[in-house]
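Below is one structure; the comments refer to it alone.
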Amino acid sequence: MITLTLPDGQTRQYDQPVTGLDVAQSIGAGLAKAALAVKLDGDVRDLSRPITADANIEIITRKSADALELIRHDCAHVMAEAVQALFPGTQVTIGPAIENGFYYDFYREQPFSTADLEKIEAMMKQIISRNAPLVREEWRRDQAIQFFEQKGEAFKVELIRDLPETEVISIYRQGEWLDLCRGPHMPSTSHVGNAFKLMKVAGAYWRGDSKRPMLQRIYGTAWRDEKELQQYLTMLEEAEKRDHRKLGRELDLFHFQDEAAGSVFWHAKGWTVYRELENYVRRRIADAGYVEVHTPQLYDSCLFKASGHWDMYGDNMYKIFGPPGEDGKEGKSFGIKPMNCPGHVQIFNQGIKSYRDLPLRMAEFGNCHRNEAHGALHGLMRVRQMVQDDAHIFCTEDQIQSESVAFCGLLRRVYADLGFEVARVRLADRPAVRAGSDAVWDKAEAALHSALKAAGLPYDMNPGDGAFYGPKLEFYLRDAIGREWQCGTLQVDFVLPEKLGAEYAGADGQKHRPVMLHRAILGSLHRFIGIMIEHYAGKLPVWLAPVQAVVATITDDANDYAQKVFDALKAAGVRAEVDKRPEKINAKIRDHSLQKVPVIMVVGRKEADQQQVALRYLGGENQKTMSLTDALSEMAQLIARPDEKK
RNA sequence: GCUGCCAUAGCUCAGGGGUAGAGCACGUCCUUGGUAAGGACGGGGUCGGAGGUUCAAUUCCUCUUGGCAGCACCA
């Protein structure tokens, strides 16, 4: 007797093994028709597989949350069949469902072109309309290897060989075509529907390993219906409109050029945003008990050799080699700092530190250079020269927890001020290869766990992904169009203080090693500004906007008065401009709106006569006419920085 | 770094073996107009760089630099 429990708590009993389809049918013919798969105790399985034990069961239909993954995975199979039908000799590898869609990696000498994608799409539609059932078969290992070897599918053979002996080797057949696959799949290909689209072709390494062959990955997106697909495509368009590289140029914030690839030319407006943001963080961390320092750019290589960076990250560091000496000896070698930590330890090491000095929170907005690979560069998001809101907290092991709690609070405050929420926190714990004893790791990980609990932040684990020198927290924020960005980080470091000989005198009069917490809230200021530009679609909060108000005249008669308003705004600390061009007011409104200026103050003869301004907000439909005095006090409210607001 | 694609005016882009074109932007002039584009005229390009093929290259080929998408990387 098998007892199956439905989501609503109802139970059903069967005296012999049944399939998911049987269960659906026993509930209703309509459900059986709509069923795509079943979920047994949380595991999604084919509708046709026998159920042999008691379980909680849920019938998955197109409406279920799990349907998308099935649709996408099946779509990947359909695409693979289409590709092999159109391009014989192409080898298949793997093709999973991913966020928003799926991909499949192929091996073929000749690259796929964009035009090929259309052909593949057309073929996929044919395959789907053929509606072949997706049939699961279980094969013996040697049978599977022989079959794929005969077909010349070297990658599949490698996959099978690498499967553990205990693993069942399952094959899914759709008509003539079949693929090695763990499943699950929907009953037949027509369930894929037609709300899919092939998006792009790109290279991807076999098994993610840059030493192995480059495959061709075709990405597609797939949804339940046309409407969802359209929504997704619209979201992509929206993301494109917000692209910070485009807005950066249009709003005259910054530019890039070949002679300094990966470095930013900040224009006056962009630099205003940068300085505002940096100063904001500066005030916030000062309030939180940090001191700010500034350390050198260029160091003798011996420092980075001692810290371990020269060996570990040398390829990504900019190095300078001095001329050889007269005796023919090698010249000195230098490195431009890729991060601030070794410098901070040098400051810590000056004089004698006592436990009374701890925790010592040392911050720096230091310019760091990293020779990032060409392919990694991406606007402000990934640059070769950047500044982090970096700080190192020198503390005792016992202080890790309280410092982490305090940091979580500070980070939340900052994200909220900047218009974001913490979307996700992950705790990356000990990796296989690591420094430090297990006892110390236990303590550090426990401290981070309890810090997150004390801070009331839900989190999940990122097992084994900690740095070799200690566990870390990763903070993600979500932007206006739903994308997540990892910005904040807190890393516990047992290693660097030892390598660079940091110590303090404990209450016991003995020397002790401090622990270092590497932490950043925004991460790279460059990248964060990129994220903010996209989050706000260029319409930065008033306190960050490079130009906060423009005084625009209607006729020349108002020029003198406009100048007076402008002067008053400047005197009140507003970043203002005055527009006296002989253009119509419509054109002026349009120009400044496109420049995302938050406030436009229109002045004509009427306002000049009555010492008023017509104040109009960006994107607003109507305007408020008010006295200049009132306008100034309104502006004072608007430009208030988040940490200065009452 | 790897795979593919791309590079033409400040921007967005068209063109094509016989030394280039649009819209916007820019300049001058006219217009003084009340909340998202007023009008006329004009200036502007070694067609990313270096080689090669050719009578002739911006166009075809090779290399190189940079960009885009993805992969790898991200202390």
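All values below come from the heavy atoms of this structure, side chains included, with hydrogens, waters and symmetry mates left out. Predicted model, so just to flag it, every value in this text is computed and none were measured. Letters go in sequence order (proteins before strands), and every chain restarts at 1.
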Just to verify, what does D162(A) make a salt bridge (Lys or Arg N to Asp or Glu O under 4.0 Å) with, not counting sequence neighbours? R207(A)
Side chain of [X]: nearest nucleotide among [options]?
X       : options                : answer
D556(A) : G70(B), G33(B), A72(B) : G33(B)
R590(A) : G34(B), C73(B), A37(B) : A37(B)
I554(A) : G38(B), G33(B), G4(B)  : G33(B)
T555(A) : C71(B), G33(B), G66(B) : G33(B)

Identify which one of F407(A), W485(A), Y415(A) satisfies the ring-ring contact (aromatic ring centres under 6.0 Å, His included) criterion when paired with F475(A).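 Running ring-ring contact (aromatic ring centres under 6.0 Å, His included) over F407(A), W485(A), Y415(A) with F475(A) returns exactly one hit, F407(A).
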Give me the distance, rounded to whole Å, that separates [N] from [M] when you measure between the [atom1] atoms they each carry.
N      : M      : atom1 : value
U19(B) : U62(B) : P     : 26 Å
G15(B) : C47(B) : C1'   : 11 Å
G17(B) : A57(B) : P     : 14 Å
U8(B)  : G45(B) : P     : 16 Å
A22(B) : G4(B)  : C1'   : 30 Å
C6(B)  : G48(B) : P     : 14 Å
U28(B) : U64(B) : C1'   : 43 Å
A9(B)  : G23(B) : P     : 16 Å

Mind checking [X] for me? I need base, sugar-phosphate or nothing, with any heavy atom below 4.0 Å counting as a touch.
X       : result
R616(A) : base
Q257(A) : nothing
A614(A) : base
V201(A) : nothing
L215(A) : nothing
H518(A) : nothing
P338(A) : base
G208(A) : sugar-phosphate
A376(A) : base
I585(A) : sugar-phosphate
M339(A) : base
Y469(A) : sugar-phosphate
N316(A) : base
S210(A) : sugar-phosphate

Ignoring hydrogens and angles, answer whether the base of [N] and the side-chain atoms of [X] contain a donor-acceptor pair closer than 3.5 Å.
X       : N      : answer
N586(A) : U35(B) : no
R370(A) : C74(B) : no
E607(A) : G34(B) : yes
R212(A) : A72(B) : no
R207(A) : C71(B) : no

Please determine whether a side-chain nitrogen or oxygen atom of [X] lies at a distance below 4.0 Å from atom OP1 or OP2 of [N].
X       : N      : result
R382(A) : G67(B) : no
R217(A) : G4(B)  : no
H378(A) : A69(B) : yes
Y219(A) : C71(B) : yes

Determine all donor-acceptor pairs shorter than 3.5 Å in which one atom belongs to a side chain in residues 336-348 of chain A; sequence neighbours excluded.
unit_1, atom_1, unit_2, atom_2, d
K337(A), NZ, T295(A), O, 3.3
K337(A), NZ, T295(A), OG1, 3.1
K337(A), NZ, N340(A), OD1, 3.0
K337(A), NZ, E364(A), OE2, 2.9
N340(A), ND2, D390(A), OD2, 2.9
H344(A), ND1, H392(A), ND1, 2.8
H344(A), NE2, E364(A), OE1, 2.7
Q346(A), NE2, P342(A), O, 3.1

Does [N] have a Watson-Crick or wobble partner in any strand here, with both distances under 3.5 angstrom, and which is it?
N      : result
G42(B) : C26(B)
A69(B) : U3(B)
A20(B) : none
G51(B) : C61(B)
A75(B) : none

Using modelled atom types only, decide if a donor and an acceptor are shared between the side chain of R575(A) and the backbone of A545(A) within a distance under 3.5 Å.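 Indeed, once roles are kept as given, a pair shorter than 3.5 Å links the two residues.
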For H267(A) and G10(B), what is the distance between atoms NE2 and C1' respectively, to the nearest whole Å? 12 Å
Measure the acute angle between the ring planes of F254(A) and F256(A), then classify it against the limits of 30° and 60° as parallel, tilted or perpendicular. perpendicular
Would you call the rings of F304(A) and W310(A) parallel, tilted or perpendicular, taking 30° and 60° as the class edges?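 It falls in the parallel class, under 30°.
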Here's a test of your reading of the structure: between I589(A) and A373(A), which maps to the more 5' nucleotide of RNA chain B? A373(A)
Comparing L618(A) with G262(A), nearest RNA chain B nucleotide closer to 5' gives the residue L618(A)
Identified salt bridge (Lys or Arg N to Asp or Glu O under 4.0 Å) partner of E372(A) from the options R527(A), R382(A), R384(A): R382(A)
F102(A)/F196(A) aromatic ring centres below 6.0 Å: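 That pair fails the under 6.0 Å test.
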Salt-bridge present (E238(A), K241(A); N to O < 4.0 Å):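 Counted as a salt bridge, because a side-chain N and a carboxylate O are separated by less than 4.0 Å.
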